[in-house]
Asker: 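Here it is, the structure in full.
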Amino acid sequence: MKQTTNALSGLISDLDLRLLRVFKTVVECGGFAAAEVELNISRSAISRYMADLETRLHMHLCYRGRSGFALTAQGRVVYESLMQLQADLEKFRSNINAVHNRLVGKLHLGLTDNTITDPQSRVPSFVARLKQLGPDVQIVMQTTSPNEIERALIEGRLHMGILPCHQQLPGLVYQQLYWETSYLYCAQGHALFSLEERQLAPSLLARHDYVSPGYKPDSAMLELQALLKTAAHAYQMEGIATLILSGSFIGFLPEHYARQWQEQGVMRALLPAQFHFKTPFTAVWRDEAQPNQLREACLNELRQIYGINSDTVN
């Protein structure tokens, strides 16, 4: 029987790494079309790179066509192996950091959307201090939902996330940073908008359509949601605000985020003394035995910025 030679049986070349990076992006974007924007190259070029990788590996990695994009069984193994390779490279960088006593490499940081307007969120100050500490550090920032940040942390695609803590998942470590206050709002055009405060009551609010966040809320929010009629879901803050501003829904927004519309006179809080809750914002990372100098430096900077004792972790 003729034996097939694997092109990657020897040293992995720069070309191989370039093709694997394209493959990784295509998988994580869910297809060629979305990867086209992420990679900033044409779809035909992506298709050519994928074909070259399949040729070098002697494998069929994915299905693509009218039915959509999907990995083959071999493609899933290659992707999982690539994620392990990325993790090993990060460990290598961490070890080199320790040897040279300076910070290098990439920090993959996850943030939830629309926190920049919160004066308590000191992420810009944190980034500035980190760049002073390690000028060679490359920061890759991803803004997405809390659920996706936690998933990316577990899978090793992010080093750290800063997000509202609605749950605590096994395998992740949570460090509380600050509290965010949210109120229930409606907008101009809604039936409740022009009513005086004394005319409002929980029973009246319960008759109006409410937009619920798509992530799992904490206990304080759950108690208030139980009094309302859920009629829509949104996974990011901008989606909730959009539905509220339509004049068709009521919903919870962070006070700092809603302030811009309140000052314009197009949004108001409903029964703020009763319908409000506080959410802890936390730094989150994967619980690992392997030390990571870059991540530890980030944690030290965050703790200094927020005046936190290093022992107060969950």
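Only this structure's heavy atoms are used, side chains among them; waters, hydrogens and symmetry mates stay out.
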Asker: May I ask you to decide if Leu169's main-chain N or O and Tyr174's side chain share a donor-acceptor pair within less than 3.5 Å?
Answerer: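 Checked: pair present.
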Asker: Answer yes or no: is there a donor N or O on one side and an acceptor on the other, between the side chain of His276 and the main chain of Lys278, under 3.5 Å?
Answerer: no
Asker: Among all residues two or more places apart in sequence or in another chain, which pass the side-chain contact (heavy atoms from CB on, under 4.5 Å) test with Thr115?
Answerer: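 Per chain and number, Thr115 pairs via side-chain contact (heavy atoms from CB on, under 4.5 Å) with Thr112, Ser121, Phe281.
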Asker: Could you tell me if the side chain of Leu53 sits less than 4.5 Å from the side chain of Val22, heavy atoms only?
Answerer: no
Asker: Between Gln86 and Arg157, do the side chains contain a donor N or O and an acceptor N or O under 3.5 Å apart?
Answerer: no
Asker: Hey, mind stepping through Arg129 and Gln304 against side-chain hydrogen bond (donor to acceptor under 3.5 Å, both in side chains) and telling me if it holds?
Answerer: CA-CA 10 Å; Arg129 291 177 61 153; Gln304 289 183 35; 2.8 Å; yes
Asker: Please walk me through it: do Glu301 and Leu133 pass side-chain contact (heavy atoms from CB on, under 4.5 Å)?
Answerer: CA-CA 9 Å; Glu301 291 303 309; Leu133 189 65; 3.9 Å; yes
Asker: What distance do Leu228 atom CG and Leu184 atom CG have between them, rounded to the nearest 0.5 Å?
Answerer: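 That separation rounds to 6.0 Å.
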Asker: Using side-chain contact (heavy atoms from CB on, under 4.5 Å), reason through Ile250 and Ile244 one step at a time and then give a plain yes or no.
Answerer: CA-CA 6 Å; Ile250 60 176; Ile244 294 173; over 6 Å; no
Asker: Can you check whether Glu196's main-chain N or O pairs, donor with acceptor, with Gln199's side chain at less than 3.5 Å?
Answerer: yes
Asker: Could you see if Phe126 belongs to whatever hydrophobic cluster contains Val173? Use Ile, Leu, Val, Met, Phe, Trp, Tyr and a side-chain cutoff under 4.5 Å.
Answerer: yes
Asker: Could you walk me through whether Arg303 and Gln175 pass the side-chain hydrogen bond (donor to acceptor under 3.5 Å, both in side chains) test, one step at a time?
Answerer: CA-CA 9 Å; Arg303 287 163 180 156; Gln175 168 79 74; 3.2 Å; yes
Asker: Distance check, rounded to the nearest 0.5 Å: Gln264 atom CD versus Gln260 atom CD?
Answerer: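 It comes to 6.5 Å.
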Asker: Verify the cluster assignment for Trp179 and Ile116: are they in a single hydrophobic cluster under the rule of side-chain heavy atoms below 4.5 Å apart?
Answerer: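 No, Trp179 does not connect to Ile116 through the hydrophobic network.
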Asker: Within a strict 4.5 Å, meaning less than it, do heavy atoms of the Trp285 and Leu172 side chains meet?
Answerer: no
Asker: Is the side chain of Glu54 donor-acceptor paired with the backbone N or O of Leu61 at a distance under 3.5 Å, no angle test?
Answerer: yes
Asker: So do Tyr235 and Pro213 actually touch side chain to side chain, heavy atoms under 4.5 Å?
Answerer: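 Contact flag for Pro213/Tyr235 side chains = no.
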Asker: Tell me, do Gln142 and Leu158 make a side-chain contact under 4.5 Å, heavy atoms counted?
Answerer: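 They are in contact (side-chain heavy atoms under 4.5 Å apart), so the answer is yes.
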Asker: Going hydrophobic residue to hydrophobic residue with side-chain gaps under 4.5 angstrom, can you get from Ile240 over to Phe275?
Answerer: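 No, separate clusters.
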Asker: Please check this pair: side chain of Ser246 against backbone of Leu243, looking for a donor-acceptor N/O pair closer than 3.5 Å.
Answerer: yes
Asker: Would a single hydrophobic cluster contain both Ile149 and Ile154, if residues Ile, Leu, Val, Met, Phe, Trp and Tyr are joined by side-chain heavy-atom contacts under 4.5 Å?
Answerer: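 Per the 4.5 Å side-chain linkage, Ile154 and Ile149 are co-clustered.
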Asker: How far does SG of Cys29 sit from CD of Glu38, to the nearest 0.5 angstrom?
Answerer: 5.0 Å
Asker: Ignoring hydrogens and angles, state whether a donor on the side chain of Tyr79 or Glu28 is under 3.5 Å from an acceptor on the partner side chain.
Answerer: yes
Asker: In this structure, are over 12 heavy atoms from other groups packed under 6.0 Å from Asp88 atom CG?
Answerer: yes
Asker: Counting N and O atoms only, with roles assigned by atom type, does the side chain of Arg64 sit under 3.5 Å from a partner on the main chain of Gly31, one being a donor and the other an acceptor?
Answerer: no
Asker: Start with the C-alpha distance between His108 and Lys106, add both sets of side-chain angles, then the distance that settles side-chain contact (heavy atoms from CB on, under 4.5 Å), and finish with yes or no.
Answerer: CA-CA 6 Å; His108 292 264; Lys106 288 185 179 181; 4.0 Å; yes
Asker: Heavy-atom distance under 4.5 Å between the side chains of His190 and Phe249, does that happen here?
Answerer: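 No. Closest side-chain heavy atoms not under 4.5 Å.
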Asker: Kindly say whether the aromatic ring centers of Tyr306 and Tyr178 come within a distance under 6.0 Å.
Answerer: yes
Asker: In sequence, state the C-alpha distance, the side-chain angles, and the governing distance for Leu302 and Ile308, and then conclude on side-chain contact (heavy atoms from CB on, under 4.5 Å).
Answerer: CA-CA 8 Å; Leu302 281 172; Ile308 296 170; over 6 Å; no
Asker: Quick check on the hydrophobic clustering: are Leu89 and Val78 connected, directly or via other members, by side-chain heavy-atom contacts under 4.5 Å?
Answerer: yes
Asker: How far apart are the closest heavy atoms of Arg76 and Leu71, and which atoms are they?
Answerer: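 What the structure gives for the nearest pair is NH1-O, 3.4 Å.
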Asker: Quick check for you: to the nearest 0.5 Å, what is the distance between Thr144 atom OG1 and Leu163 atom CG?
Answerer: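 The OG1 atom of Thr144 sits 10.5 Å away from the CG atom of Leu163.
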Asker: First locate atom CD of Glu288, then atom CZ of Arg295, and finally report the distance between them rounded to the nearest 0.5 Å.
Answerer: 5.0 Å
Asker: For the backbone of Glu238 and the side chain of Thr242, can you confirm whether one donor and one acceptor N or O come within less than 3.5 Å of each other?
Answerer: yes
Asker: Tell me yes or no: between the side chains of Gln225 and Ser212, is some donor less than 3.5 Å from an acceptor?
Answerer: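 Result is yes, a qualifying pair exists.
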Asker: Consider only side-chain N and O atoms of Glu296 and Asn300, and report whether a donor and an acceptor are under 3.5 Å apart.
Answerer: no
Asker: Can you find a side-chain donor-acceptor pair between Glu180 and His256 that sits under 3.5 Å?
Answerer: yes
Asker: Can you name the residues that form a side-chain contact (heavy atoms from CB on, under 4.5 Å) with Ala269, not counting sequence neighbours?
Answerer: Tyr183, Tyr185, Gln262, Pro272
Asker: Is it the case that the side chain of Thr25 and the backbone of Ala35 share a donor-acceptor pair, with hydrogens and angles ignored and the cut-off at 3.5 Å?
Answerer: no
Asker: Using the ring of each side chain (for Trp, its six-membered ring), is Phe277 parallel, tilted or perpendicular to Phe252, with breaks at 30° and 60°?
Answerer: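 Aromatic pair Phe277/Phe252 classed perpendicular.
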Asker: Counting C-beta onward and ignoring hydrogens, is there a side-chain heavy-atom pair between Pro202 and Leu271 closer than 4.5 Å?
Answerer: yes
Asker: Just wondering, do Cys186 and Met267 contact through their side chains at under 4.5 Å, heavy atoms?
Answerer: no
Asker: What is the minimum heavy-atom distance between Gln168 and Cys165, and which atoms define it?
Answerer: CG-SG, 3.9 Å
Asker: Between atom CZ of Arg21 and atom CG of Leu82, what is the distance when rounded to the nearest 0.5 Å?
Answerer: 10.0 Å
Asker: Measuring only between side-chain heavy atoms, which start at C-beta, is Tyr63 closer than 4.5 Å to Phe69?
Answerer: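 Tyr63 does not reach Phe69 side chain to side chain.
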